[in-house]
Amino acid sequence: MDAETLKRQAAEAALSHVEDGMRLGIGTGSTAEAFVHLLAERVADGFSVVGVPTSERTARLCLDLGVPLRSLEEEPELDLAIDGADEVDHELRLIKGGGGALLREKIVAAASRAMVVIADEGKLVDTLGAFPLPIEVNPFGLSATRIAIERAAERCGLSGDVTVRIGGDGAPFETDGGHYILDGAFARIPNPEGLSSALYTIPGVVEHGIFLSMTSAAIVAGEQGVRTLTPQRHEQEH
Ligand SMILES: O=C(CO)[C@H](O)[C@H](O)COP(=O)(O)O
């Protein structure tokens with residue numbers, strides 16, 4: 001089965017967590033977009049939800065498909081966030097930000113009573129870090145911030161290139177918040193808590209893509225079917 005089919009299966013299973021009247025945080029990326037398409041079908045059938053999008057890209061898709069939207073300012077407390085991830089480990093710690101929306105994604109997840117991650121099984125890892133860690137930074141002092149990140153990583157026993165993400169136009173990729181992304185190719189991050197804390201001490205770091213203790217459940221689709229993982233490692237077949 002190709003990854004797109006698996007993403008759609010995970011998105012389909014996530015719909016069972018959505019109840020009529022919910023205020024939903026809606027993630028960014030191809031898996032989240034598969035979810036938006038399915039949600040829009042429900043909305044067309046009379047299902048009532050309001051969505052708070054985690055990016056301008058997701059907002060545009062929701063508007064195109066008729067999913068009602070509010071800003072986080074209008075709905076500062078959400079029932080559920082549904083989002084994809086770049087990596088998910090066994091404790092449901094995540095790397096996110098491949099799509100460059102990590103700051104809004106983390107703010108929306110933190111404003112939500114629960115966060116359900118949807119992914120194909122290729123995203124499941126033993127140790128986070130094979131996917132380069134996205135770190136959102138202020139453009140001011142970019143080089144100084146990059147050096148500070150490298151030093152912080154070294155203190156955590158990590159090494160690897162930290163590079164500025166480049167957009168399609170050849171210029172640094174700019175997030176919806178007007179920041180840049182540095183991608184840290186650390187290969188393995190055995191202690192994500194330690195690296196997270198170290199990154200938060202750097203003034204130019206706006207946010208990073210390690211999500212800790214935020215995931216209520218991960219719905220993972222694979223060749224053997226769709227499983228729901230919880231932080232307690234209980235698994236459910238669908
Ligand atoms: O964190 C994200 C965007 O910032 C995405 O959730 C992550 O990159 C996964 O994307 P996809 O579903 O396309 O694989």
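Counting starts at 1 for both ligands and their atoms, in listed order.
Scanning the protein heavy atoms around atom 5 (C) of ligand 1, the nearest turns out to be Thr28 O, 3.1 Å. For atom 3 (C) of ligand 1, the closest non-hydrogen atom on the protein side is Glu105 OE2, 3.1 Å. Of the protein's non-hydrogen atoms, the one nearest atom 8 (O) of ligand 1 is Asp86 OD1, 2.6 Å. Of the protein's non-hydrogen atoms, Ser30 OG, 2.5 Å is the one closest to atom 13 (O) of ligand 1. Closest to atom 14 (O) of ligand 1 among all protein heavy atoms lies Lys123 NZ, 2.8 Å.
Within the listing of ligand 1, atoms 6 (O) sit less than 4.0 angstrom from a heavy atom of Asp83.
Between Glu4 and Lys7 there is a salt bridge, since a side-chain N of the basic residue sits under 4.0 Å from a carboxylate O of the acidic one. Arg23 has a carboxylate O that lies under 4.0 Å from a charged side-chain N of Asp79, or vice versa, which qualifies the two as a salt bridge.
When each of Arg104, His179, His208, Lys106 is checked for a side-chain hydrogen bond (donor to acceptor under 3.5 Å, both in side chains) with Glu136, only His179 meets the rule. Between Ile135 and the options Val205, Leu102, Thr145, a side chain to side chain contact (heavy atoms under 4.5 Å, CB included) holds for only Val205.
Contact between Lys7 and ligand 1 is present, with at least one heavy atom of the residue lying under 4.0 Å from the ligand. Between Gly27 and ligand 1 there is no heavy-atom distance shorter than 4.0 Å.
For Glu73, the CD atom counts as loosely surrounded, since its 6.0 Å shell holds 12 or fewer non-hydrogen atoms of other residues, nucleotides or ligands.
Heavy atoms of Ala85 found under 4.0 angstrom from ligand 1 belong exclusively to the backbone.
Looking at Ala101 next to ligand 1, an N or O pair under 3.5 Å apart turns up. For ligand 1, the polar-atom distance check finds no N/O of Ala32 at less than 3.5 Å from any of the ligand's N/O atoms.
In this structure, CD1 in Ile210 is found 9.5 Å from CZ in Arg93, a value given to the nearest 0.5 Å. To the nearest 0.5 Å, the span separating CZ on Phe131 from NZ on Lys96 amounts to 10.0 Å. Between Phe186 atom CZ and Leu128 atom CG the span is 12.5 Å, to the nearest 0.5 Å.
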